[in-house]
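Below, chains carry the letters A, B, ... as their sequence lines are ordered, and counting in each starts from 1.
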Protein chains: 2
Amino acid sequence: MDHRPRERVPVLADVARVAGVSVPTVSRVLTGATPVSDKTRKRVDDAILELGYRPNEAARALVRGRQSMVGIIAGNTTRFGYAATIQGIEEAARAAGLLVAITVVNSATEADVKAAVDLMLGQPLAGVIVLDFDLQGERALSALPETLPIAVVTSTNDGRAARRVLFDDHKGGYEATKYLLSLGHETVHYVAVPSSGRPSGRLVGWREALLEAGRKVPEVVLADWSAQSGFEAGLILAGLSDVTAVLSGNDEIAFGVMKALQLNGLSVPDDVSVVGFDDHPHAVLWSPSLTTMAQDFVQLGASALHLLVAEREGADGPADASSPSPHLIVRDSTAPPRAGGAGRTIH
Amino acid sequence: MDHRPRERVPVLADVARVAGVSVPTVSRVLTGATPVSDKTRKRVDDAILELGYRPNEAARALVRGRQSMVGIIAGNTTRFGYAATIQGIEEAARAAGLLVAITVVNSATEADVKAAVDLMLGQPLAGVIVLDFDLQGERALSALPETLPIAVVTSTNDGRAARRVLFDDHKGGYEATKYLLSLGHETVHYVAVPSSGRPSGRLVGWREALLEAGRKVPEVVLADWSAQSGFEAGLILAGLSDVTAVLSGNDEIAFGVMKALQLNGLSVPDDVSVVGFDDHPHAVLWSPSLTTMAQDFVQLGASALHLLVAEREGADGPADASSPSPHLIVRDSTAPPRAGGAGRTIH
DNA sequence: CTGAAAGCGCTTACAG
DNA sequence: CTGAAAGCGCTTACAG
C-alpha cells in the first residue's frame, strides 16, 4: 500500500501560476459567477486537473459567511425512531445540497451535554436539528446559543423558542389504549420509554384513556429503548396476576415483552394482548405479528430539515410543522381477553 | 415564538473592543497557548460572556490548516451492520474531539456517487471513512481524491490504496457452513446480501466449505439487506424440496426467511435450520432464537477512526487493522435434519 | 473579460 | 505579559 507523505496540497494560487492567469480569474471559473473567456477557462480547467486542485472549503466558508452543513444532536443513532428520523434529515439535506453532521449526547449529565454541544458548535454550521426524544435532547436544546438557527423534533410545545416539528404522541397513547379497552380488557398496563423530564405524551394519553373509562391505572413499568429492557419489563408483568393487555412505549420493547410472556407460558394474544409504537420493520414479521401505533419518522426528519432551511433563508412562513397523526395498525398480537378469564384470573 | 432576525454574530474584534484589549490577546485567552495576566483574562472572559461570543471555526480551520471533522460515506445508515459501524466511528471520534459528518450514497450510479462525494468534499475534512459493504461504497472509494486521508472498512484486500480495517467475511461463511454440515445436513442453501462487485467473502466461504465436503452447491438466492427481502427469499426456498439448512447473508434476512418458512408450514429448526450473520439485537429474542455468526461492528468502526487519526498524525504505524474473527453463536434455529426426512423429502 | 486590492475572522511569529 | 503586523486561501467589489 502507498503511504508516502502527501505533498503540500495545491491552492488556488498554484492553479493561477500554472495556468498563467491571476488568482481572481481562477476563482471566477470555479464559482461561475462572472463570464470568463473560453480560452482562459480551458487553461484554468487544465491546470486544475493537472494539480488535482480542490478548493479549501474553510476559506470559502470564511469569506462567504454561509455554511452548508447542518448538525444533528441526538441521544443515540441506532434505535429505530432515532435512526429513521436521522435518515429523513439526511435525505432531505442531501437533496438541498447540505451535509449532515451528527453528535450523540451520551447522557443528560452536564459534562456529556456540554461535550456534545461544544463539539457541534466547533464547526461552521448552517443550523442544528435536535431530536428532543429524551432528557439528553432536552438539555442539549437548552444549551444551544440563541444565535443559531435551530429546529427540533418534539412532541411538546414547552421549552425554548425554536422551530418545531410536532408529532402527536399524546393521541397515539390515547388511541392505542382506547383500542385495547374496546376489545374488552379491564385495564391496560404500560411499559414506558425514557422521556424528556416530564411524562411522555404517550404515557399521558394512556392514563387519560383509562381515567376517562373509569378504569384503574396500573403502575408504570420503566424501560429504556431496547428490546432487552422490554424483556425485563415482560418478566415483571408475567409475575402479576391481572395483566391481559400491555401497551409498550416502542416496538422493540414490545418484542421483549412478548418474548418474556411467552417464556412464562403465556400466549400472545390469547392470554395477553400487546401493542407497540412506531411500526418497526420487524413488527410485521414477529410471531405473532405486532399491533402497533405507526409513526412516520422519516417524514418527521425531512420536515425538520425543511423548517431549518426556511429559517436559514429568513422565510416568514409558519414557524412550526406538524406531522400526520400516528395511526393504529392492527395485527395478530391483540385480541379480546379470554372469556371468563380461563387460565388467568382477572383481578 | 421568537423569530426576530438575529443580530450580527459577534467576532473576536468585538470582544477585544469590549474588553479593551488587542485582538491577539483575546485569541491567547481563547487558545490558552501563551500566558495572559489574570486581570486581562478576566476582562476578556467577561466580554465573551457578555457578547455570547463563539469562535468562527471556518476561520480557525483556515489559519490552523487542521480540520476536526471526519466524513463517513455509506450505502445507508439504518441497517444493523451499517448503523453499528457508524456508532463505533462516532463514539471514537467524539472521544478524539472530532465531529462526524455522514452522507449516504443512494445507488452505485455515477450521478449518485458523484453527488455524495462532492457533498462530502465540499467541507473542511480531516479525512474520510468509507463503508465498503456494497457497490456504492466501492465506487465512492474510487472517486475520492488521493490527497485526502482515507480509511475503509472492508472485507477485501483489493482496490485502491487506503488504510483498511479488514473483517474476515470469508471465514464467517466458511465456519457457518461447516457447522451446518457437521449437524448432518446434506447441503446448505445461501441467501446473499448485496456485494461490492465481486462475490462477497461470506458467499465464497460458503461455497468453499461445500466443495471441500464434496457437496453440491445450490443456486444462490439474492436479497437486499432487509427482512422483507429475506421473506421473499424464504418463499422461494419453501417451494424447493431439498432445503434443510439455510445460511442467510445477515440476521434480518434470516428473520424474513424464518417467517416465510413458518407460514408455509415448515418448522425451524425441525424441518429447516437457519443461520444468520451479525448477531442483531433481535436474534436472541426471535422465535426460535437465531443461531448466527457474530461480528463486532462497533469495534470495526472504532478501529477505522483510529486508523484515520494515525494517518492524519503522520504515524508510520501499521497501515491496516484487522478485527477479531467472527464467531458462531449457537441458539435454537439450528438442529440436525429430521431422521429419514420425516415430513420432508431430502433430495 | 481580466487584474490589483481589500477583506472574511482568526492565529502565530516578532518585537518590546 | 501584550500589541502591531503578517498571513491562512479564498471571493467580491473596483477599476480598466
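- Side-chain atoms of A:S107 and A:T109 include a donor-acceptor pair closer than 3.5 Å.
- Where DNA chain D pairs in unbroken runs of 3 or more (Watson-Crick or G-U, both distances under 3.5 Å), the stems are C:1-3 with D:14-16, C:5-12 with D:5-12, C:14-16 with D:1-3.
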Start with the C-alpha gap between A:T85 and A:F297, add the side-chain angles, then the distance that decides, and say whether side chain to side chain contact (heavy atoms under 4.5 Å, CB included) holds. CA-CA 5 Å; A:T85 307; A:F297 287 107; 3.4 Å; yes

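- Distance check, rounded to the nearest 0.5 Å: CD of A:E110 to CZ of A:R139 gives 9.0 Å.
- In this structure, the CG atom of A:L30 is 10 Å from the C1' atom of D:dT11, given to the nearest Å.
- Listed by residue number, A:L62 are the residues of residues 42-62 of chain A with a heavy-atom contact under 4.0 Å to DNA chain C.
- In this structure, the separation between OG1 on A:T78 and CD on B:E90 is 10.5 Å, given to the nearest 0.5 Å.
- With A:R94 contributing its side chain and B:V104 its backbone, the two residues share a donor-acceptor pair below 3.5 Å.
- When the nucleotides D:dG9, C:dC1, C:dA13 are ranked by their closest atom to the side chain of B:R28, C:dA13 comes out on top.
- When the nucleotides D:dC10, D:dT2, C:dT11 are ranked by their closest atom to the side chain of A:L12, D:dC10 comes out on top.
- Here B:T25 lies in heavy-atom contact (under 4.0 Å) with sugar-phosphate atoms only.
- Between A:F133 and A:W225, a ring centre-to-centre spacing not shorter than 6.0 Å is recorded.
- We find that CZ of A:R41 is positioned 9 Å from P of C:dT2, with the value rounded to whole Å.
- Each of B:L144, B:I72, B:L308, B:V152 was scored for a side chain to side chain contact (heavy atoms under 4.5 Å, CB included) with B:V128, with one residue passing: B:L144.
- Distance, A:K39 NZ to C:dC1 C1': 11 Å, rounded to whole Å.
- A heavy-atom distance below 4.5 Å is found between the side chains of A:I89 and A:L131.
- Counting only heavy atoms from C-beta on, A:P24 has its side chain closest to C:dA4 among D:dT2, C:dT2, C:dA4.
- D:dC10 atom P lies 19 Å from atom CZ of B:R64, rounded to whole Å.
- Side chain of A:P35, nearest nucleotide from C:dT11, D:dC1, C:dC1: C:dC1.
- Nucleic acid contact class of A:S27 (heavy atoms, under 4.0 Å, all strands): base.
- To the nearest 0.5 Å, the span separating CD1 on B:I86 from CG on B:L300 amounts to 12.5 Å.
- The side chain of A:S22 places no N or O atom within less than 4.0 Å of a non-bridging phosphate oxygen (OP1 or OP2) of C:dA4.
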